[in-house]
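Have a look at the structure below before the remarks.
The structure displayed is predicted, hence computed values, not measured ones.
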Amino acid sequence: MPLWPDRIYNWGTTEAERSRRFPCDLLLPDPDEEMYRAVDVDAPPATLFRWLCQLRVAPYSYDWIDNFGRRSPQRLTPGLEELEPGQEFMRIFRLDSFESGRSITISTKGSGPVTAAVTYLIEDRAPGGSRLLVKFICDYNSRPVALLGRIGMAPGDLVMMRRQLLQIKRLAEAAG
């Protein structure tokens, strides 16, 4: 039974969106925790995808927490859209797979207390807009981490991921 209300795990998403398969499901077929996030973006999928590629160099969340106080770039960095499996994303993830212009799937590197996988999936939304869906799944690799994870992972992810998605939305719409 979930510890938190449904909206903490499923911010901005519909039941139909949560029932679909995501590429990250192949990486952790039976996760301890699943979280879904979504936002509509008034920018074409190609523009939104370029901004997702920026996650290679910065998290676009609360920079003072997860980017060592450095501001995430506010302009597109040339070359970051050239993706290859294994590339680093946000320092703690690596690129597992992608579909150019449509999705990026990343997972944690190495073996730590939590194994996580995330898929960012872009859907076309006419006219000229996009819908960004995110599925974040994780396994807790030890009993103490599982206890702490169950308490803090979903609300912590909601705070950070919501900020990330709204930042990417703002930048993609401005570039539009």
Side-chain angles (χ1 to χ4, degrees), residues 2-25 27-28 31-43 45 47-74 80 88-98 102-109 112-123 125 129-140 145 148-173:
L3 181 63
W4 299 101
D6 185 63
R7 69 183 178 277
I8 301 294
Y9 297 94
N10 303 314
W11 178 77
T13 63
T14 66
E15 188 175 327
E17 290 169 338
R18 293 187 300 271
S19 68
R20 68 188 300 170
R21 300 279 300 158
F22 286 75
C24 62
D25 294 326
L27 301 174
L28 291 173
D32 292 327
E33 197 111 64
E34 296 182 355
M35 289 149 278
Y36 299 87
R37 317 292 181 212
V39 65
D40 290 327
V41 180
D42 291 326
T47 300
L48 180 54
F49 186 79
R50 269 299 273 118
W51 280 101
L52 287 179
C53 292
Q54 292 286 119
L55 295 174
R56 286 179 54 194
V57 296
Y60 287 88
S61 185
Y62 292 98
D63 288 335
W64 56 276
I65 294 173
D66 60 4
N67 203 26
F68 303 110
R70 292 188 305 270
R71 188 169 190 209
S72 295
Q74 303 298 293
L80 290 181
E88 185 175 281
F89 271 68
M90 298 178 281
R91 277 193 239 44
I92 63 168
F93 292 94
R94 66 171 163 50
L95 179 63
D96 279 285
S97 64
F98 67 95
R102 178 152 164 75
S103 72
I104 292 175
T105 299
I106 57 178
S107 64
T108 51
K109 300 183 285 189
V114 177
T115 302
V118 184
T119 294
Y120 295 84
L121 179 67
I122 300 170
E123 292 187 331
R125 191 175 51 86
S130 307
R131 180 141 174 93
L132 177 56
L133 305 170
V134 180
K135 183 174 185 180
F136 172 61
I137 56 178
C138 60
D139 278 340
Y140 303 116
V145 170
L148 293 173
R150 294 255 185 236
I151 293 169
M153 184 65 78
D157 177 71
L158 175 61
V159 168
M160 301 304 279
M161 181 72 74
R162 181 179 180 279
R163 171 74 174 198
Q164 179 188 72
L165 297 184
L166 293 176
Q167 288 279 44
I168 289 171
K169 169 186 169 69
R170 177 184 61 79
L171 291 163
E173 288 177 349

Give the minimum heavy-atom separation between Cys53 and Phe89, together with the two atoms involved.
O-CE2, 4.4 Å

Will you find, in the side chains of Asp139 and Thr115, an N or O donor that is under 3.5 Å from an N or O acceptor?
no

If we ignore hydrogens and angles and just use 3.5 Å, is the side chain of Arg94 paired with the main-chain N or O of Glu88 as donor and acceptor?
no

Decide, yes or no, whether a salt bridge links Asp42 with Arg125 under the criterion of side-chain N to carboxylate O below 4.0 Å.
yes

From OH (Tyr120) to CG (Leu165), nearest 0.5 Å
7.0 Å

Nearest 0.5 angstrom please: Cys138 SG to Asp32 CG, how far?
6.5 Å

From CG (Leu48) to CD (Glu123), nearest 0.5 Å
11.5 Å

For Phe49 and Ser103 the tightest heavy-atom approach is CE1-O, 3.7 Å

Check: Asp40 main-chain N/O paired with Lys169 side-chain donor or acceptor under 3.5 Å:
yes

Could you tell me which residues satisfy side-chain contact (heavy atoms from CB on, under 4.5 Å) with Arg18, sequence neighbours excluded, listed by chain and number?
Asp6, Asn10, Thr13, Glu15, Tyr36

Verify the neighbour count for atom CZ of Arg162: are there more than 12 heavy atoms of other residues, nucleotides or ligands below 6.0 Å?
no

Nearest-0.5 Å distance, CD1 of residue Ile122 to CD1 of residue Ile104:
7.0 Å

Taking it one step at a time, do Leu132 and Arg37 satisfy side chain to side chain contact (heavy atoms under 4.5 Å, CB included)?
CA-CA 8 Å; Leu132 177 56; Arg37 317 292 181 212; over 6 Å; no

Gln54 vs Tyr60, test: side-chain hydrogen bond (donor to acceptor under 3.5 Å, both in side chains). Steps then yes/no.
CA-CA 9 Å; Gln54 292 286 119; Tyr60 287 88; 3.1 Å; yes

Can you see which heavy atom on Ala117 is nearest to which on Leu28, and at what distance?
N-CD1, 4.0 Å

So, for Pro23 and Ser97, which heavy atoms are closest and what is the spacing to 0.1 Å?
CB-OG, 4.3 Å

Here's a test for you: under side-chain contact (heavy atoms from CB on, under 4.5 Å), which of Thr119, Val134, Asp96 qualifies with Cys24?
Thr119

Would you compute the distance between atom CG of Asp157 and atom CD of Glu33 and round it to the nearest 0.5 angstrom?
9.0 Å

Side chain to side chain, Leu52 and Arg50, heavy atoms closer than 4.5 Å:
no

In Å, rounded to the nearest 0.5 Å, how long is the span from CD1 of Ile106 to CZ of Phe93?
5.0 Å

Leu95 side chain reached by Arg56 side chain, heavy atoms, under 4.5 Å
no

Do other residues, nucleotides or ligands put more than 12 heavy atoms under 6.0 Å from the CZ atom of Arg7?
no

Exercise: identify the closest heavy-atom pair between Phe136 and Ala116
CE1-CB, 3.5 Å

Yes or no on side chain to side chain contact (heavy atoms under 4.5 Å, CB included) for Trp11 and Met35, after CA distance, side-chain angles and deciding distance?
CA-CA 8 Å; Trp11 178 77; Met35 289 149 278; over 6 Å; no

Take Arg170 and Ile168 through the test side chain to side chain contact (heavy atoms under 4.5 Å, CB included) and record every step on the way to the result.
CA-CA 5 Å; Arg170 177 184 61 79; Ile168 289 171; over 6 Å; no

Taking every heavy atom of Ala43 against every heavy atom of Ser130, the minimum-distance pair comes out as O-OG, 2.6 Å

When you check the gap from the basic side-chain N to the acidic O, do Arg131 and Glu17 get nearer than 4.0 Å?
yes

Between Thr108 and Val114, does a side chain to side chain contact (heavy atoms under 4.5 Å, CB included) hold up when you go through it step by step?
CA-CA 8 Å; Thr108 51; Val114 177; 5.9 Å; no

